[in-house]
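Values below: every heavy atom of this structure, side chains too, minus hydrogens, waters and symmetry copies.
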Amino acid sequence: MLACVPGLAVVLGLVLCVSGVERAVEDGAARGAAVVRPGVVRAAARPHIVPRSVWAVGGEANSSARTPPPPSYDDKVIAVFVHHTDSPNDYDCADAPRIIRYLAAGQTGARNWDDIGYNFLVDRCGTIYEGRAGGVDRPVTGAHTLGFNHRTAGIAALGTFTAGVTVPRAMADAIASLVAWKLGLAGVDPRSTVRLTSSNSLSRYAEGTTVALPALAAHGDAYMTTCPGAALKALLPEIRQKAARLQGRT
């Protein structure tokens with residue numbers, strides 16, 4: 001079952017890869033327990049992250065982006081899920097803030113979510129944007145992967161990366177640097193496997209099921225979807241290796 005469904009098609013024709021996403025406020029009944037390999041914090045340099053104020057104050061009506069509700073937090077982030085937005089690839093990178101505003105408006109408006117679901121977004125030029133409010137260096141509970149939002153972060157690649165599409169090198173490198181930093185805060189090796197417990201039976205796993213998933217996972221690893229597209233998913237092993245090197249691992 002595909003997870004990509006139409007977003008604000010009447011405005012930009014964008015399609016949001018978000019059917020596997022849930023509001024964190026509705027996912028609070030069962031926090032996913034997780035166990036990671038013992039380890040020490042592996043400091044990786046924090047990449048430059050453009051704050052949400054850059055995209056949340058545009059001309060489009062988007063009051064939820066300007067004044068989001070109080071965020072929810074977990075104790076740490078031990079896994080990252082990669083998504084694509086299933087939107088056009090031929091955008092000018094200077095237009096990325098406007099594209100993110102439309103994505104956010106589709107989630108907070110048409111879908112009535114409390115905030116944009118992704119914790120971070122990355123454009124084809126490798127620019128990283130803060131997504132969900134709450135602080136990029138804190139373990140903000142996202143709304144990006146149904147059943148597995150706790151102790152995880154969601155990174156959305158702006159574009160469509162199905163089979164045969166070239167993933168821009170700058171984008172892949174930016175994802176690696178972001179993953180290295182974010183997982184390094186909890187001492188998690190991006191190449192490792194972590195244990196997460198599903199909080200929703202509409203995911204790939206029944207509620208309460210504890211499963212082993214990659215610390216850097218594709219959306220489709222936890223939800224019935226082809227997201228983040230075959231081309232981007234095929235790059236995840238390489239991104240894991242680069243992220244590990246950025247943490248100083250061999």
Using every non-hydrogen atom in the two residues, find where A176 and A243 come nearest and quote the distance to one decimal.
O-CB, 3.5 Å
Taking all heavy atoms of N89 and all of F161, pick out the closest pair and write down the distance.
OD1-CZ, 4.0 Å
Looking at every non-hydrogen atom in both residues, tell me the closest pair between S203 and A222 and how far apart they are.
CB-O, 3.4 Å
Look at the side chain of Q247 and the backbone N and O of V188, then say whether any donor-acceptor pair between them is shorter than 3.5 Å.
yes
Only residue of R124, R245, K242 satisfying salt bridge (charged side-chain N to carboxylate O under 4.0 Å, His left out) with D173 is K242
Heavy-atom check, side chain of R249 versus side chain of R191, under 4.5 Å
yes
Taking every heavy atom of A234 against every heavy atom of P237, the minimum-distance pair comes out as O-CD, 3.4 Å
H83 vs H219 aromatic rings, parallel, tilted or perpendicular, using cut-offs 30° and 60°?
tilted
Roughly how far apart are D75 CG and R151 CZ, rounded to 0.5 Å?
4.0 Å
Spatial distance of atom CG (L146) from atom OG (S201) [nearest 0.5 Å]:
9.5 Å
Mind checking whether I49 and L178 have side chains closer than 4.5 Å, heavy atoms only?
yes
Could you please spell out the steps behind the side-chain contact (heavy atoms from CB on, under 4.5 Å) verdict for W181 and D137?
CA-CA 9 Å; W181 170 68; D137 57 344; 4.0 Å; yes
Under 3.5 Å: donor-acceptor pair, side chain of W55, backbone of G131
no
Can any side-chain N or O of R240 pair as donor or acceptor with the backbone N or O of A215 at less than 3.5 Å?
no
Quick one, L216 and I239 - any side-chain contact, counting heavy atoms below 4.5 Å?
yes
Do you know the tightest heavy-atom contact between V122 and A174?
CG1-CB, 3.8 Å
May I ask you to decide if G134's main-chain N or O and Y73's side chain share a donor-acceptor pair within less than 3.5 Å?
yes
Does the side chain of Y205 reach to within under 4.5 Å of the side chain of L196, using non-hydrogen atoms?
no
So do the side chains of T160 and V165 get within less than 4.5 Å of each other, counting heavy atoms only?
no
Separation between CD1 (I100) and CD (E130), nearest 0.5 Å, reads 10.5 Å
Cluster check L235, L246: I/L/V/M/F/W/Y, side chain < 4.5 angstrom
no
Tell me whether D115 contacts the main-chain N or O of T108 through its side chain, where contact means a donor paired with an acceptor under 3.5 Å.
no
Starting at CG of L183, measure out to OG1 of T152 and round the result to the nearest 0.5 Å.
10.5 Å
Interatomic distance, CG@L158 vs OH@Y91, rounded to 0.5 Å, equals 4.5 Å
Side chains of D114 and R132: does their closest heavy-atom pair fall under 4.5 Å?
yes
To the nearest 0.5 Å, what is the distance between OG1 (T127) and CE (M171)?
9.5 Å
Taking the side chain as every heavy atom from C-beta outward, state whether D221 and K233 have any atom pair closer than 4.5 Å.
yes
Do R52 and I116 have side-chain heavy atoms sitting under 4.5 Å apart?
yes
Out of L121, V179, I128, which one pairs with I155 under the side chain to side chain contact (heavy atoms under 4.5 Å, CB included) rule?
V179
Taking all non-hydrogen atoms of both residues into account, name the closest pair between S177 and P47 and its distance.
OG-CB, 3.7 Å
Mind telling me whether F148 and F81 have parallel, tilted or perpendicular rings, with 30° and 60° as the class edges?
tilted
